[in-house]
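Here's the structure, in structure tokens; my notes come after.
So you know, we letter chains A, B, ... as the sequences are listed, proteins then strands, and number each from 1.
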There are 2 protein chains.
Amino acid sequence: MAATLQTVADAVGVSRSTVSNAYSRPDQLSLELRTRILAAAEKLGYAGPNPSARSLRRGKVDSIGVLLTANLSIAFRDPYAVSFLRGLAEAAEERRNSLLLIPMPRHDMEGSLEAVRNAAVDAFCVYCVPNWTGALELIAARGLPVVSGDDPQLMRSELPPNTGMLGFVGIDDRAAARTLAAHVAGFGHRRVAIVAHWATDHGGTGPVGLTPEDLRYSVSGERTRGYRDAFEAAGVPWNDILLINAVENVRAAGQDAAAHALDRLDRSTAILTTSDVLALGVLDALKDRGLQPGRDVSVTGFDDIPEAELAGLTTMRQPSYERGRISGEMLLDPPEDPQARRRVLPTTLVVRKTTGPAPTS
Amino acid sequence: MAATLQTVADAVGVSRSTVSNAYSRPDQLSLELRTRILAAAEKLGYAGPNPSARSLRRGKVDSIGVLLTANLSIAFRDPYAVSFLRGLAEAAEERRNSLLLIPMPRHDMEGSLEAVRNAAVDAFCVYCVPNWTGALELIAARGLPVVSGDDPQLMRSELPPNTGMLGFVGIDDRAAARTLAAHVAGFGHRRVAIVAHWATDHGGTGPVGLTPEDLRYSVSGERTRGYRDAFEAAGVPWNDILLINAVENVRAAGQDAAAHALDRLDRSTAILTTSDVLALGVLDALKDRGLQPGRDVSVTGFDDIPEAELAGLTTMRQPSYERGRISGEMLLDPPEDPQARRRVLPTTLVVRKTTGPAPTS
DNA sequence: TTGAAAGCGATACCAA
DNA sequence: TTGGTATCGCTTTCAA
């Protein structure tokens, strides 16, 4: 049914190679012949080289795979992720690459890995994927370049990553978190809660008796570590801190999580979160209870999405668009120098109205 | 270098087919053998079947292509588009498909078509692509299913689309626009401007002497037609209406466009736009000039994105998430009944604070 | 349950 | 400039 190169070649009376050249190397044949071939192709309903066949032969696909969060539809709800993607898309577009978005549902590790295995791409960008080790190893086995921002070890490593293909583009989550928490601790808060997403796979949203080291998701782990650092320095031991798991990085989960910190006799006076989206949910919870952010309870986010400004949220700003863009560029033009494959981007503490002195009651 | 099926087969001492089965049809061989094969593969650094080779052979890729707006990075800035994508992603994810985002820069038609030709996908979703006819024909030639929401003819056709593979998921833009404009016309406005994106390819943002039929982008064309319908019915002829082109569907373009309606002696008392994003820009322009929306100048959007509510913008709501989701489902499970391949979704007039009586001055 | 053989559709090298 | 030839890596009957 579908016409192929051969069909066209036969019709025009030339060889397959010539037809192939007509599409892929216009300079290799006379304009006249090329025109004739293209016309014949059109008439026969030949739409051009089969993409799979072409990339099989060429060993190149011109598209980069994006492993983005547990689940695409949640990622699209997070302005930070969207902005990141925008940067990545722009870099890809400039080099005429497409973006293959690969869903990685957490409940289906098997299927997720299968998707990574099957992805027809030249490189991968791994962004906020919990428990991603399996995926990373698979990618390594495929011998494809990867950029990630999730691996703290990668960020720290003085030496080039062992796999020649591995790059880091991200921030120093722990240090940034430490700065943010120091700001809060400076207000004298001692009853503190932390809302962290994907802290654990078991159970739902609610308090968990874990240390930062136990957390399943490296980014939440690093940020939580930073929070602990700062509070310990201020004389608040980890055991006094209430760690609350949020099942997903969505606003409603932040709201639910906050209930566990607010609806108790020794109500927390400060709630730190691992993302702005969660923090907005926490603010929702405060509102439900008639509590005033920054006075009754201090709240912080992470990322600095546009909504954070509207909400007056104190947060830690990290570059989103640039991060995506740099990731894309690194993937598409891998730098020779291994050091250039490790980009730790700057962060900024943004103090707004949701943080203030601990209530004296 | 890279291990292949053959490598593994040789190492284990079985045939290629058996190794292939180990990956693609686990039930076709003994568990013991399969385990042995997988172990050998791991040791040899074989990451599983080459995706291109596999899809070449199978004739299936398990991913759907998305032709989205002129330029991905602009699309990611439009909340409506992001929400649409979210719906699409969700549908894809459920059926274990990936999404291939294909950039279609307007300045590079050639390259865009090339990208469509090259896309390794099983189906296409065309969304807000100006001048997409070339792309559509190409897709048709490839014999792949397409869903679009941009083609008014498709929406109206009583009969099943001629191409068996073609579907429509969208709204009746003209009718919706008519309802919106009738609301504005009811307030007695007679000095009216319309800001339409991609009205023309030539020149920048500014007034153009065109009729709705001339517009390059079908969606803007349909909406503009609807506006004209309503104003003509109210006794305002098309010649009295100022049509302004916006180069892109971004806020700043709306702001620039509005200047042409506001900075003149016979200032427009109503500005209708083809999207909320543009309308927000128009509101920016009003603010710059100390004008009050709904009193000095009435402004309307289209889509009803979340920001529209915050801004108190009067607009026409159309489903975004659902639209993406339904598109995805239609592509992944094409309905037998051709009538079911044409889904015209409902719209709602949302009256807020940016529309009011024409000032009497 | 396993293997042999025949493509899937195209590209690239090397001659002519 | 054009054509022949050898793959690219895998899946899939069909037969053993």
For the side chain of S15(A), counting heavy atoms from C-beta on, which of dG3(D), dA4(C), dG9(D) is nearest? dG3(D)
Any carboxylate oxygen within less than 4.0 angstrom of a Lys/Arg side-chain nitrogen, looking at R325(A) and E94(A)? yes
Winner on side-chain proximity to N21(B), out of dT11(C), dT12(D), dG9(C), is dT12(D)
Would you compute the distance between atom CG of D122(B) and atom CD1 of I64(B) and round it to the nearest 0.5 angstrom? 9.0 Å
Side chain of L29(A), heavy atoms from C-beta onward: which of dT2(D), dG3(D), dG9(C) has the nearest atom to it? dT2(D)
Which of dC8(C), dT11(C), dC10(D) is nearest the side chain of N50(B)? It is dC10(D)
Whole angstrom value for the distance that separates P of dT2(D) from CZ of R34(A): 12 Å
Would you say the side chain of S17(B) and the base of dA4(C) hold a donor-acceptor pair, judged only by whether the two atoms sit under 3.5 Å apart? yes
Atom pair distance, as rounded to whole Å: NZ in K60(B) and P in dG9(C): 16 Å
Please state how far atom CZ in R36(A) lies from atom P in dT1(D), giving the value in whole angstrom units. 15 Å
Tell me: CD of Q28(A) to C1' of dA12(C), nearest whole Å? 11 Å
Closest of dT2(D), dC8(C), dT11(C) to the L5(A) side chain is dT11(C)
For the atom pair CG (L88(A)) and OH (Y127(A)), what is the distance rounded to the nearest 0.5 Å? 11.0 Å
R25(B) has an atom CZ; how far is it from atom C1' of dG3(C), in whole Å? 15 Å
Can you find a side chain N or O atom of Y46(A) that sits less than 4.0 Å from OP1 or OP2 on dA10(C)? yes
Length of the CD-P vector between Q6(B) and dA4(C), whole Å: 10 Å
Side chain T18(B), main chain V14(B), donor-acceptor under 3.5 Å: no
Kindly assign one of parallel, tilted or perpendicular to the pair F76(A) and F76(B), based on the angle between their ring planes and the thresholds 30° and 60°. parallel
Can you tell me the distance, in whole Å, between the CG atom of D10(B) and the P atom of dG9(D)? 14 Å
Using a distance-only criterion (donor-acceptor N/O pair, under 3.5 Å, no hydrogens), is the base of dG3(C) paired with the side chain of R16(B)? no
Looking at every strand, decide which applies to S24(A) at a 4.0 Å heavy-atom threshold: base, sugar-phosphate, or nothing. sugar-phosphate
Nearest-angstrom distance from the residue atom CZ of R58(B) to P of dT13(D): 12 Å
Minimum-distance nucleotide (side-chain atoms of R57(A) versus dA10(C), dC8(C), dG3(D)): dA10(C)
Nucleotide nearest T18(B) (side chain, heavy atoms from C-beta), chosen from dT2(C), dT11(D), dT11(C): dT2(C)
